[in-house]
4 protein chains.
Amino acid sequence: MAGAKVGRPRSKKAYLAILKAAREIIEEAGTHRLTIEGVARRAGVGKPTIYRYWSNAQELAIATFMNPEVSNLPETSTNPGISDLRNLIQQTVQRLNSKQGRQMAFMLAGAETDSELFKAFRNRMILDTREKGTLILESAKIRGEIRSDVDVGLCLDMILGMIVLRLLIAHTELGEDLVDDVISMVLKGILPGASDT
Amino acid sequence: MAGAKVGRPRSKKAYLAILKAAREIIEEAGTHRLTIEGVARRAGVGKPTIYRYWSNAQELAIATFMNPEVSNLPETSTNPGISDLRNLIQQTVQRLNSKQGRQMAFMLAGAETDSELFKAFRNRMILDTREKGTLILESAKIRGEIRSDVDVGLCLDMILGMIVLRLLIAHTELGEDLVDDVISMVLKGILPGASDT
Amino acid sequence: MAGAKVGRPRSKKAYLAILKAAREIIEEAGTHRLTIEGVARRAGVGKPTIYRYWSNAQELAIATFMNPEVSNLPETSTNPGISDLRNLIQQTVQRLNSKQGRQMAFMLAGAETDSELFKAFRNRMILDTREKGTLILESAKIRGEIRSDVDVGLCLDMILGMIVLRLLIAHTELGEDLVDDVISMVLKGILPGASDT
Amino acid sequence: MAGAKVGRPRSKKAYLAILKAAREIIEEAGTHRLTIEGVARRAGVGKPTIYRYWSNAQELAIATFMNPEVSNLPETSTNPGISDLRNLIQQTVQRLNSKQGRQMAFMLAGAETDSELFKAFRNRMILDTREKGTLILESAKIRGEIRSDVDVGLCLDMILGMIVLRLLIAHTELGEDLVDDVISMVLKGILPGASDT
DNA sequence: GCATAAGCGAGACGGTACGTCCTGTCTTATC
DNA sequence: GATAAGACAGGACGTACCGTCTCGCTTATGC
């Protein structure tokens, strides 16, 4: 690779203007109205400048959700107990329940599933929660707070899945009570013989 | 009723040819390669004929999954017990796990969520299962097979949500074991003090 | 309304409605905005009914100018003299100078030149005048009012041609003076040695 | 001077290919078979490239006659006499009598009469001759070759009009003799007392 | 310290598809 | 048995974007 850093350096200003314009368009008109031409026009930028960073509108859209404004979840406590699960889910619900999160979730399904950015998104929005949740539940397992034969991944997918389902398909409100209910259910199951809420 | 059945009747043949062509294109190239022009070409049909039925490619794509080939779930027994839940979920997994179902699930997220066809799809693919599941669980409640304070809707959304999540985002295989595991979990919960699988 | 017998109860009415609608459209929007669909819609008539009489929009347009409202020129006196030429040209100018005449002249050039209706139009608008003019000039020839070697057809074509040219291409006003001027010129020529106007 | 020469320059090659294709289509199938899609296909060019230059098929058709192949009339001698009129008319007849000229004349009538290109055409095909003819006749007037009270414009319109009329409407052959006859007539008039041809 | 290489905005390019409109033909039920 | 209604295959319209490709400039680096 000759010319590692020769030539004019890429303009930070242009890069940020593109992301800003893209975010605004998505905000105003929705993800499927995002076009490269529209972004270029709004950002006062040439189309090739956009293509230099992302190879299509899809990727740009995904990137929009990857920038610092959608921050990571706060760290869980170093030795988390089963009670931390509530906070985690609460935070995930809030994050996905935002306008941005909603659009992103929509967009997700249309994406080329093998793309790096799709994976990145999935990592950030779902797996991130899943990972933290795994940490919590495995700790709980060790401490005997939950049964040792529990499939932790399945458990988390049921919780996350429910959230995604209601968001994407049922378009139900995701209230605060929900979090308590779902935790209660996942803990006690639905069979008789467990104490009430 | 003026205009009720005046004029040349719509051609069943053309209608079916359109759906067939659309289905084939989706099968071969994916949902996002479906274009009205392509369908018209393949079906040997004029574009306006397509637009007479559906107002854009999205709607046509959704309609593709609404026709008889993707049939309703079989009826559950008239007085279903908790054991029927397994069959219901098994069938849903199979249906969504097909190539067609997978594509459809993908497509879902990009759709205009207020469109009639989106709702129709949701009804058929999700609510259909949800409704039958509700029947089963409410019966089980009455018979005392499950606790009376259980939120039946939430319970089903956790199961369905997990399926959708794994299909859309994690792209995990949806094996047969899964069904047993998820039912077990939802019945017993994850707290200690329940018998093993 | 309801005809007593089967057969053709509303034929005349439909026919006239078509012509009326066509005339109105041409009047309002110009000849090139005339479409069969538009006429059918406006006339409350099925498209095939129009096609039963005329085979395309062009023919219909021409037919519009063939109906009684654009009347024939008045008859010339039975034994016309050279002085009748002025009246003839005057009338022709007036007829072509009308809005309808103008549009018709425009349309003429776009027409399929071999169609019967094109010929019919030509007959009515140009040859009609030409014929009457020939009568006048041949009579004048016999009476010695003009030279015997004059090409009568050429002479009339120069007069009519000038009118058409100014109408179509130069868009000059066709005033009354013009008629006197052109007759004077065609009579005396432009060489010196003729008395002034 | 923003936008003066920014951006990729327009491709001369594409421009010429469009005109060539348009000319060929008109030549082969006639003016009313000229479609933007057809031209794009034949020229190996995108439709928007055509629309960048002309806003519809009509304008493109007119432009076809405006390019160098249909050249200007040759210059008349610097101090032209009445005898030059013959050459001028002869050339005009030839030009209009060509296949291309004929089609163009037809097309003329269908055009939006206020368009720039319509005017351009009129300028080139009619006014060009008219202007040169005016020069000739005014010179002749000064030298006393024709009467001083002659309306030069009217005279030329009669000649040109006759040509156009026969071309458009009568579809008469425009032979060589015609030129002599029309000049003779316009010079001498049709009254008795002038010498024979 | 000046050449060079890459980035920049602008915008034209060949394309594809859009959704609309109209053509001329056909197939019904109605009158 | 002609009519109105309107669906049909076809095809052109003019527009919007796609992703690529020049342009003439600008901006650093590194020779």
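Side-chain nitrogen and oxygen atoms of C:R52 include at least one within less than 4.0 Å of the OP1 or OP2 phosphate oxygen of F:dT3. One finds a side-chain N or O of A:T49 lying less than 4.0 angstrom from the OP1 or OP2 phosphate oxygen of E:dG9. A sub-4.0 Å separation between OP1 or OP2 of F:dC17 and a side-chain N or O of A:R41 is present.
Comparing D:G46 and A:A43 along DNA chain E, the residue whose closest nucleotide (by nearest heavy atom) sits nearer the 5' end is A:A43. Take the nearest nucleotide of DNA chain F for D:I36 and for B:K12: the residue whose nucleotide is more 5' is B:K12. Of the two residues contacting DNA chain E, namely B:G38 and D:Y15, the nearest-nucleotide position lying further toward the 5' end is that of D:Y15. Closest-nucleotide positions on DNA chain F for D:K47 and B:P9 were compared, and the one nearer the 5' end corresponds to B:P9.
Within 4.0 Å (heavy atoms only), D:A14 reaches sugar-phosphate atoms of the nucleic acid but no base atom. Across all strands shown, A:G44 has heavy atoms under 4.0 Å from sugar-phosphate atoms exclusively, and none from any base.
The separation between D:K13 atom NZ and F:dC21 atom P is 14 Å, rounded to whole Å. Between the CH2 atom of C:W54 and the P atom of E:dT23 there is a distance of 15 Å, rounded to whole Å. Atom pair B:L60:CG and E:dG19:P shows a separation of 11 Å (rounding to whole Å applied). Regarding B:E59, its CD atom lies at a distance of 10 Å from the P atom of E:dG19, rounded to whole Å. We find that CZ of D:R42 is positioned 14 Å from P of F:dA12, with the value rounded to whole Å. Computed from coordinates, the C:Y53 OH to F:dA2 P distance equals 11 Å when rounded to whole Å. Separating the CD atom of B:E37 from the C1' atom of E:dT20 is a distance of 12 Å, rounded to the nearest angstrom. The separation between B:I50 atom CD1 and E:dT20 atom C1' is 14 Å, rounded to whole Å.
The shortest distance between side-chain heavy atoms of D:W54 and D:I18 falls below 4.5 Å. The shortest side-chain heavy-atom distance between C:I25 and C:E28 does not fall under the 4.5 Å cut-off. The shortest side-chain heavy-atom distance between A:N56 and A:E59 falls under the 4.5 Å cut-off.
The existence of a salt bridge linking B:E27 and B:R23 is excluded, since no basic side-chain nitrogen approaches an acidic carboxylate oxygen closer than 4.0 Å.
Geometric assessment of D:R10 against the ring of D:Y53 yields a positive cation-pi assignment under the 6.0 Å and 45° thresholds.
The side chain of B:Y51 approaches E:dC18 more closely than any other nucleotide in the set E:dC18, F:dG19, E:dG9. Among the nucleotides F:dC8, F:dC18, F:dC13, the one closest to any side-chain atom of A:T35 is F:dC18. Closest to the side chain of D:P48, out of F:dA7, E:dT16, F:dC21, is E:dT16. Of all nucleotides listed (F:dG14, E:dG19, E:dT23), E:dT23 comes nearest to the side chain of C:A57.
Below the 3.5 angstrom threshold, one finds a donor paired with an acceptor across the side chain of D:R8 and the base of F:dC21.
Side chain of D:T64 to backbone of D:L60: a donor-acceptor contact under 3.5 angstrom is found.
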